[in-house]
2 protein chains.
Amino acid sequence: MAESPTNEQAELLAQEKAVQAAIGDRPLDFLSLNAVSNIYRAAAAVRRRTERDLLSDYGITWGGFTILWVLWVWGEMEAAPLAAECNLAKGTLTGMLTTLEKQELVRRAQHPGDKRRVLVGLTDAGHDCIEELYPKFNRQETAFTDGLDDAEKVELARMLRRVITNAEAE
Amino acid sequence: MAESPTNEQAELLAQEKAVQAAIGDRPLDFLSLNAVSNIYRAAAAVRRRTERDLLSDYGITWGGFTILWVLWVWGEMEAAPLAAECNLAKGTLTGMLTTLEKQELVRRAQHPGDKRRVLVGLTDAGHDCIEELYPKFNRQETAFTDGLDDAEKVELARMLRRVITNAEAE
DNA sequence: GGGTGATCGTTCGGTACCGAACGTTCTGGT
DNA sequence: ACCAGAACGTTCGGTACCGAACGATCACCC
């Protein structure tokens with residue numbers, strides 16, 4: 001859809017000019033601005049599209065999908081590393097696990113020998129769900145990167161990893 | 001932090017192997033997977049870090065900041081294009097505008113000649129706020145892209161724009 | 001072995017965010 | 001001049017998500 005680099009470019013320049021006008025003569029890092037702001041926009045677009053086209057049919061959310069996926073790949077695990085892997089605050093995970101538990105996609109079990117810990121794992125239904133869902137999800141991911149060749153995808157992933165490292169530093 | 005491409009690589013491979021084990025022999029587009037999943041992770045990391053280090057001092061959220069910024073750059077505008085520019089559902093915008101209005105950073109005015117429309121603009125306090133905040137914000141953006149040279153930032157922005165276009169297609 | 005401090009998951013309060021439904025206001029055709 | 005439908009912002013119900021505070025459990029040490 002729409003190879004219109006000219007329009008894009010023009011729009012971009014108009015925005016830069018407006019920003020520069022608003023900010024006055026102070027210097028501004030437009031390159032970083034454009035890169036970073038597009039990260040957020042891309043993430044939101046990808047999420048919305050995936051939830052709308054794919055996940056809503058299964059009644060699960062983006063975050064819920066992430067949890068199922070991690071459990072599928074790594075198997076039963078405790079709440080804290082699961083939250084870390086899903087990039088969620090542990091308080092957030094608690095609520096989402098409860099939701100997934102109600103849907104019977106996930107179950108909690110107590111850790112043998114440490115009553116503080118909880119072991120989270122997929123139910124059979126959860127296993128079936130993610131197994132059916134993931135191939136479709138991956139095809140979506142492929143579609144989202146349409147127009148980028150393999151080397152570019154690698155580059156994109158690498159640069160984003162760099163941003164993640166920077167943002168999580170300290 | 002830490003330049004440890006070896007560890008990163010190893011971790012990545014371990015993950016890929018775990019995924020492949022879970023998925024069995026079905027083919028999988030790892031390149032797209034890595035690219036797309038990093039987008040979301042980077043966006044979350046950037047947002048959290050910015051809210052924690054910068055915005056919380058001013059009592060505003062990421063979304064609130066976006067609204068102030070857009071109004072600052074583009075001036076008074078109606079709700080619908082503002083929502084589009086901020087990448088928000090219009091229902092979401094309503095609530096956030098109410099929050100910002102309570103903080104007296106933003107004001108609503110009725111459109112002359114069309115009572116359905118609303119004109120949203122910055123108050124003086126809002127103007128001061130964003131003007132003080134934005135340079136710091138931009139420095140954060142620069143810090144997030146630390147380690148990428150100018151050409152890479154351009155590339156990153158371009159590839160993300162591509163993803164956005166793909167995800168918003170239709 | 002009993003108490004102090006760390007570690008775990010949950011709870012709590014608050015905002016963000018979405019999609020759908022809604023009421024109001026405008027517009028175009030006749 | 002009217003009325004059917006479009007356009008606008010708000011309301012509503014629901015989930016996600018965070019950070020801080022909390023209670024329960026465990027580990028260490030004298």
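Throughout, protein chains are lettered first and strands after them, A, B, ... in sequence-line order, and every chain is numbered starting at 1. All of these numbers come straight from a predicted model, not from anything done at the bench. Every heavy atom of this structure was used, including side-chain atoms; hydrogens, water molecules and symmetry mates were not.
Counting heavy-atom neighbours within 6.0 Å of Asp57(A) CG, excluding the residue itself, gives a total above 12. More than 12 heavy-atom neighbours from other residues, nucleotides or ligands sit within 6.0 angstrom of CD on Glu76(B).
Gly91(B) comes within contact range of at least one nucleobase, with a heavy-atom separation under 4.0 Å. Residue Thr94(A) is in base contact, counting any heavy-atom pair closer than 4.0 Å across all strands shown. Residue contacts for Gly113(A): at a heavy-atom cut-off of 4.0 Å it reaches the sugar-phosphate backbone alone, with no base atom in range. Note on Lys115(B): only backbone sugar-phosphate atoms sit closer than 4.0 angstrom, heavy atoms only; bases stay farther off. If you check every strand for non-hydrogen atoms under 4.0 Å, Leu88(B) touches sugar and phosphate atoms only. When heavy atoms are screened at a 4.0 angstrom cut-off, Phe65(A) is found touching no nucleic acid atom at all. Residue-level contact check: Glu51(B) touches neither bases nor backbone, having no heavy atom under 4.0 Å from any strand.
Judged by distance alone with a 3.5 Å cut-off, no donor-acceptor contact links the side chain of Arg116(B) to the base of dT24(C).
No side-chain donor from either of Thr61(B) and Arg47(B) sits under 3.5 Å from a side-chain acceptor of the other.
Counting to the nearest Å, the C1' atom of dT25(C) and the CG atom of Asp114(B) are 7 Å from each other. Straight-line distance from the CD atom of Glu78(B) to the C1' atom of dC26(C): 13 Å, rounded to whole Å. Distance Glu101(A) CD to dT10(C) P: 9 Å, rounded to the nearest Å.
Protein chain A touches strand DNA chain D; the 5'-most and 3'-most nucleotides with an atom under 4.0 angstrom of its non-hydrogen atoms are dT15(D) to dC26(D).
Between the Gln110(B) side chain and the Lys115(B) main chain, no donor and acceptor come within less than 3.5 Å of each other.
None of Val36(B), Leu28(B), Asn34(B) except one satisfies the side chain to side chain contact (heavy atoms under 4.5 Å, CB included) rule with Glu141(A); the exception is Val36(B). For the ring-ring contact (aromatic ring centres under 6.0 Å, His included) test with Phe137(B), the passing option among Phe144(B), Trp69(B), Phe65(B) is Phe65(B); the others fail. Put simply, the residue from Ile164(B), Thr165(B), Asn166(B) that forms a side chain to side chain contact (heavy atoms under 4.5 Å, CB included) with Glu168(B) is Ile164(B).
The nearest heavy atom of DNA chain D to Thr61(A) and to Thr98(B) marks one nucleotide each, and the one closer to the 5' end goes with Thr98(B). The nearest heavy atom of DNA chain C to Lys90(B) and to Gly64(B) marks one nucleotide each, and the one closer to the 5' end goes with Gly64(B). Sequence order on DNA chain C of the closest nucleotides to Arg52(A) and Gly95(A) puts Gly95(A) first from the 5' end.
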